[in-house]
Amino acid sequence: MSSERYDFGEIEKKWQKVWQENRTYEPDLDNPKGKGPFYNLMMFPYPSAEGLHVGNMYAFTGADIYGRKKRMEGYDVFEPIGLDGFGIHSENYALKIGAHPMEQAKISEARFYDQLSAIGNGFAREERLETYDPAYYRWTQWIFVQMWKHGLAYRKKQAVNWCPSCKTVLADEQVIGGKCERCGTAVEVKELEQWFFRITKYAERLLDNLEKIDWSERVKIAQKNWIGKSEGASIKFPISDFQFSDEIEVFTTRPDTLFGATFIVVSPELAKEWMEKGWQPSQTVAEYVDEALARRAEGEEKQKEKTGVATEIFAANPANKEKIPVWISDYVLAGYGTGAIMAVPAHDKRDYEFAQKFNLPVVMVVCPHYPAPTCPVLDEAYEGEGHLVGSGVFDGMKSEEAKWKIAEVVGGKRETRFRLRDWLISRQRYWGAPIPMIFCEACAAAGKGEQSEMSGWYAVPEEELPVKLPYIEKFRPEGGDESPLGSAPEFYKTKCPGCGGDARRETDVSDTFLDSAWYYIRYPSTRATRLGQAPWDPVVTKQWFPVHLYTGGAEHAVLHLLYVRFVALALHDLKLLAFGSSDAPGGEPFPKFRAHGLLIKEGAKMSKSKGNVVNPDEYIKKYGADVLRMYLMFLAPFEQGGDFRDASIQGIVRFVRRIRELGLKIPPSGITDRLVSVGGMRAGIETPTLEKRNLEKTLHKTIRAVTNDIENLHYNTAISALMVILGYLEREKDNLGAWGVFSPKGIFETFIKLLAPFAPHLAEELWHELGHEDSIHRTPWPSYEESLIAEDTFPLVVQVDGKHRATVMTPRGIVKEQAEALVRADAKVISALGVGGVKKVVYVEDRLINFVTK
RNA sequence: GCCGAGGUGGCGGAAUGGUAUACGCGCACGACUCAAAAUCGUGUGGGGAAACCCUUGAGGGUUCGACUCCCUCCCUCGGCACCA
């Protein structure tokens with residue numbers, strides 16, 4: 001090719017087409033080639049709006065670079081892509097533009113796949129999937145049925161989160177700071193009967209396994225905190241003169257503070273329960289309970305100042321038998337523990353606040369400075385460890401030691417509790433997989449059903465799956481407690497699988513996070529099972545799992561990333577899913593996960609409301625995908641994220657042009673330098689000149705840097721290394737002919753191979769210009785040799801009292817005495833040392849020498 | 001409040017305890033041009049004529065030597081938030 005302009009638009013399209021036709025990125029799923037399978041997975045996008053935004057491209061490109069290097073290293077890389085197209089996200093977009101979600105999905109789909117092609121990733125497009133495809137959600141429903149059959153799915157009435165704007169319930173994980181994860185509306189509380197998955201049964205394993213999987217630390221910590229394991233004891237406080245119970249049970253992680261428990265606090269919900277059983281409290285108490293419950297229902301945020309009310313009930317502290325009052329306050333939560341607490345104001349901040357407000361006694365029982373003559377009450381709660389005081393026979397004992405002893409003495413039961421709650425699966429929306437369950441009134445009345453505690457309920461027989469989502473006109477959520485499918489009798493009218501009588505289908509759909517909890521299992525099996533009768537091919541699954549690298553956003557730490565682990569562990573336990581060997585605990589799907597950083601725009605998070613969302617299409621059109629890819633990756637470390645600023649994209653534009661121009665100076669014919677390509681074995685025929693050795697050294701250093709940087713996801717420094725060597729080659733270009741055995745072509749080929757993961761189209765174009773017929777992306781990754789990188793001489797740093805004073809070129813491996821003698825002859829060193837004596841000389845071989853004079 | 005990540009030139013960022021500021025952007029000057037853009041070259045942390053001095057949020061410490069390790073504090077971002 002001559003020096004005409006590089007038409008990236010045309011060239012990028014050309015190669016994308018060629019790659020697809022040649023199936024360049026399709027692995028052999030049945031018989032992985034080369035070094036074996038490498039499943040390079042990235043979180044699939046949910047098509048939420050006008051198209052993918054640049055943040056998606058950032059994530060995909062970063063994952064793709066890694067996959068491309070692995071492919072060149074000889075692995076059979078599988079890098080699938082699909083669409084998480086079911087769910088509120090897509091549905092809301094359809095509602096906004098006045099389209100039907102089912103029709104809109106098809107329109108969006110084409111657009112998304114076009115965009116995904118344009119970025120030039122090595123996607124195995126033949127295995128793509130969409131969660132709203134009945135061939136897919138048939139198996140989403142099947143998973144629900146398996147959960148039901150094995151007691152991991154159940155239906156229960158309880159207080160749940162309700163988003164008044166999205167008009168549906170939400171799982172706890174989808175409530176962020178009291179607001180809906182999707183729309184930011186304050187979440188209310190409703191009592192509803194809903195479907196749940198028993199994720200709490202896996203709390204312990206989900207927590208323990210975190211120690212054994214290689215995940216980004218911040219994500220592991222987020223999961224750990226979310227699961228929230230607490231070890232403590234449940235302790236019973238006897239009460240008298242109260243007809244509805246003769247004791248109140250509390251859970252505490254600090255039984256050692258029991259002697260300091262000066263009152264009991266009961267949640268409004270528990271109080272209400274008592275009232276429903278017939279308890280008749282005073283007017284004031286009843287009013288408080290109703291107010292508090294109403295505040296919770298409205299989704300009111302945490303109160304600045306604590307509120308509460310005293311009852312006429314008294315309990316006995318089981319440790320010291322003192323009579324303590326029972327209060328009601330909404331600072332006690334109903335959903336955790338027993339709904340009642342023992343209040344130890346001296347050693348719990350919240351109890352302290354409450355005691356201050358209502359003038360309740362504060363008794364110190366853990367002394368921070370022991371022994372001390374007295375242990376006065378502090379002006380804030382002391383929550384640390386110490387020695388017991390005011391605790392009878394336990395006085396003087398370390399609090400940690402006293403913990404279980406006191407619990408034992410009062411008959412407390414040691415217990416572990418988790419803050420994790422069961423996963424609420426139901427959604428009162430249209431655009432999702434219908435929950436494949438049927439309710440029969442007659443069976444319910446007769447106490448019949450598939451599960452003993454849930455009479456009347458039956459799973460849709462597996463052979464009848466999928467329960468297809470019907471096309472209905474009235475798909476808008478109306479805000480009742482029911483999905484729009486509840487107004488579609490043609491959908492919900494059915495026959496009971498138990499008795500054959502008239503029955504009604506469940507009309508709620510399942511949470512989108514159920515769709516995305518198993519998509520990665522389906523990918524390698526999409527072709528094999530498209531016509532088949534199984535969700536995945538067990539042979540392929542064993543071969544390709546667990547996933548070798550999973551990449552995605554940290555915002556899913558306690559959403560998708562938690563659910564997906566749970567579903568995999570459950571399916572594994574049910575013997576429905578089996579992976580091949582792995583270092584990770586059995587059933588863990590992702591032994592290695594890396595969270596990419598967030599791409600922001602001029603210091604602010606990109607969001608539609610701020611109007612600062614960057615559309616990648618414009619940049620691809622203007623600069624080409626290769627430039628956009630490299631620009632995004634050069635911004636900052638991939639795991640850190642970066643700030644998208646137009647200005648600095650010019651640097652990459654120049655980089656690409658310089659590569660092109662150097663490429664044009666490379667003769668297309670001539671011997672490929674196998675010596676360099678194969679790993680730099682030097683031909684023994686001639687003694688290389690200094691220039692050649694320097695070149696070889698620089699090249700091998702670059703190979704090492706780029707190889708290691710990609711492995712660590714440090715793409716910014718990898719690109720920097722490529723820029724450095726490009727500059728070097730440009731300076732040397734006039735000596736091209738003198739490179740001898742290191743032919744210009746060979747050097748340049750190695751360079752563009754290193755470039756290939758970052759700029760796949762440009763590298764492919766240059767590769768073919770050099771006369772190759774195959775794809776550069778299927779050629780071996782360059783290797784390097786440490787011995788060639790080593791310098792003969794190096795600048796020895798000379799310090800005086802730790803301050804840099806001079807650098808002296810020194811042969812490698814020189815011993816301390818020689819180095820000292822050499823350096824002492826240097827004029828700068830002489831003047832820096834002056835007349836004072838040297839007390840000590842620190843010598844670090846091949847690095848520095850430090851004269852200490854003080 | 002708790003947990004996590006971080007604070008380095010005008011900006012994005014780079015540095016196995018060993019030459020702080022690689023690479024890029026921007027800027028300045030020069031070359032090319034009638035001119036501009038583009039391109040190429042040179043320079044570019046601060047102070048100083050220079051020798052040299054100062055500089056990685058602040059302050060202490062460990063060390064021959066600290067952006068890096070330890071302690072105290074400040075600030076920014078992210079997560080959780082009455083979980084007993």
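In what follows, every chain begins at residue 1, and chains take the letters A, B, ... in the order their sequences are listed.
Between the side chains of Tyr784(A) and Thr707(A), not a single donor N or O lies within less than 3.5 Å of an accepting N or O. Between the side chains of Tyr336(A) and Ser230(A), at least one donor N or O sits under 3.5 Å from an acceptor N or O.
In the set rC53(B), rC82(B), rA14(B), the nucleotide with an atom closest to the side chain of Asn716(A) is rA14(B). When distances are taken from the side chain of Arg218(A) to each of rA84(B), rG4(B), rA38(B), the shortest belongs to rG4(B). Comparing atom distances between the Phe634(A) side chain and each of rG18(B), rG24(B), rA84(B) picks out rG24(B) as nearest. Looking at the side chain of Val842(A), the nearest of the listed nucleotides rG18(B), rC80(B), rA84(B) is rG18(B). Here the nucleotide nearest the side chain of His804(A), chosen from rG18(B), rG24(B), rA20(B), is rA20(B).
Arg645(A) comes within 4.0 angstrom of nothing in the nucleic acid, heavy atoms only. No engagement by Val558(A) is indicated, since no non-hydrogen atom pair under 4.0 Å with the nucleic acid exists. The residue Lys839(A) sits apart from the nucleic acid: no heavy atom pair falls under 4.0 Å. Note on Pro795(A): a base of the nucleic acid sits closer than 4.0 angstrom, heavy atoms only. Among the protein residues, Ile221(A) comes within range of the sugar-phosphate backbone only, with heavy atoms under 4.0 Å from sugar or phosphate atoms but none that close to a base. Residue Ser648(A) is in sugar-phosphate contact alone, with no base atom involved, counting any heavy-atom pair closer than 4.0 Å across all strands shown. Within 4.0 Å (heavy atoms only), Arg417(A) reaches no atom of the nucleic acid at all. Within the 4.0 angstrom heavy-atom criterion, base atoms lie near Val797(A). Using a 4.0 Å heavy-atom distance criterion, Leu635(A) is classed as a sugar-phosphate-only contact. At a threshold of 4.0 angstrom between heavy atoms, the contacts of Glu217(A) with the nucleic acid are absent.
For the C1' atoms, the distance from rC23(B) to rG18(B) is 22 Å, rounded to whole Å. Remark: the separation of the C1' atoms in rU76(B) and rA31(B) is 45 Å, to the nearest Å. Separating the C1' atom of rG46(B) from that of rU56(B) is a span of 14 Å, rounded to the nearest Å. Comparing rC40(B) with rG47(B), their P atoms sit 30 Å apart, to the nearest whole Å. Separation of the P atoms belonging to rG26(B) and rU21(B) is 22 Å when rounded to the nearest angstrom. As rounded to the nearest Å, rG61(B) and rU68(B) have P atoms that lie 14 Å from one another. Here the separation of rC11(B) from rU44(B), taken at their C1' atoms, is 14 Å to the nearest Å. rA22(B) and rG57(B) have their C1' atoms separated by 23 Å, with the value rounded to a whole Å.
For the OP1/OP2 pair of rA84(B) and a distance below 4.0 Å, the side-chain nitrogens and oxygens of Tyr331(A) include no atom meeting the criterion. The shortest distance between the side-chain N/O atoms of Thr717(A) and the OP1/OP2 oxygens of rC23(B) is not below 4.0 Å. Remark: Arg657(A) is in phosphate contact with rU39(B), judged by side-chain N or O atoms under 4.0 Å from OP1 or OP2. A close approach under 4.0 Å does occur between a side-chain nitrogen or oxygen of Arg419(A) and OP1 or OP2 of rA81(B). For the OP1/OP2 pair of rU39(B) and a distance below 4.0 Å, the side-chain nitrogens and oxygens of Arg660(A) include no atom meeting the criterion. Put simply, Gln640(A) has a side-chain N or O that comes within less than 4.0 Å of OP1 or OP2 on rG13(B).
Annotation: Tyr619(A) is in aromatic contact with Phe644(A) [ring centroid separation under 6.0 Å]. Between Phe196(A) and Trp423(A), the ring centre distance reaches or exceeds 6.0 Å. Close placement of the Phe354(A) and Tyr331(A) rings is indicated, their centers lying within 6.0 Å of each other. Residues Phe638(A) and His596(A) bring their aromatic ring centres within 6.0 Å.
Figure legend: cation-pi geometry between Arg565(A) and Trp215(A), with NZ or CZ positioned under 6.0 Å from the six-membered ring centre and within 45° of its axis. Relative to the ring axis of Phe251(A), Arg417(A) places its NZ or CZ within 45° and under 6.0 Å from the centre.
A donor-acceptor contact under 3.5 Å is formed by the side chain of Gln799(A) with the base of rG18(B). In this model, no side-chain donor or acceptor of Arg805(A) finds a partner on the base of rU19(B) within 3.5 Å. The base of rC82(B) sits within donor-acceptor range of the side chain of Lys306(A), with an N or O pair under 3.5 Å.
When Watson-Crick and G-U wobble pairs are counted only if both distances are under 3.5 Å, rC64(B) pairs with rG18(B). The partner of rA31(B) is rU39(B), judged by Watson-Crick or G-U wobble contacts that both fall below 3.5 Å. Of all nucleotides present, only rC11(B) satisfies the Watson-Crick or G-U wobble test against rG24(B), with each distance under 3.5 Å. A 3.5 Å limit on both hydrogen-bonding distances identifies rG1(B) as the Watson-Crick or G-U partner of rC80(B). Nucleotide rA50(B) is matched to nothing when pairs are restricted to Watson-Crick or G-U wobble geometry with both distances under 3.5 angstrom.
When the P atom of rC40(B) is taken as reference, atom CZ of Arg731(A) falls 13 Å away, rounded to whole Å. Between Phe644(A) atom CZ and rG24(B) atom C1' there is a gap of 15 Å when expressed in whole angstrom units. Atom CG of Leu598(A) and atom C1' of rG6(B) are 15 Å apart (whole Å). The separation between Asp643(A) atom CG and rG6(B) atom C1' is 15 Å, rounded to whole Å. Distance Glu730(A) CD to rG41(B) P: 7 Å, rounded to the nearest Å. Rounded to whole Å, atom P of rA84(B) lies 16 Å from atom CD of Glu353(A). Put simply, CG on Asp709(A) is 17 Å from P on rG13(B), counting in whole angstrom units. For the pair Ile719(A) CD1 and rA14(B) C1', the interatomic distance rounds to 14 Å; values are reported in whole Å.
If you find the closest nucleotide of RNA chain B to Ile652(A) and to Val175(A), the one lying nearer the 5' end belongs to Ile652(A). RNA chain B is contacted by both Lys840(A) and Ala340(A); Lys840(A) maps to the nucleotide lying nearer its 5′ end (nearest heavy atom per residue).
The neighbour count for Lys357(A) NZ, taken as heavy atoms of other residues, nucleotides or ligands under 6.0 Å away, is above 12.
A salt bridge does not link Lys201(A) with Asp422(A): every distance from a Lys NZ or Arg NE/NH1/NH2 to an Asp or Glu carboxylate oxygen is 4.0 Å or more.
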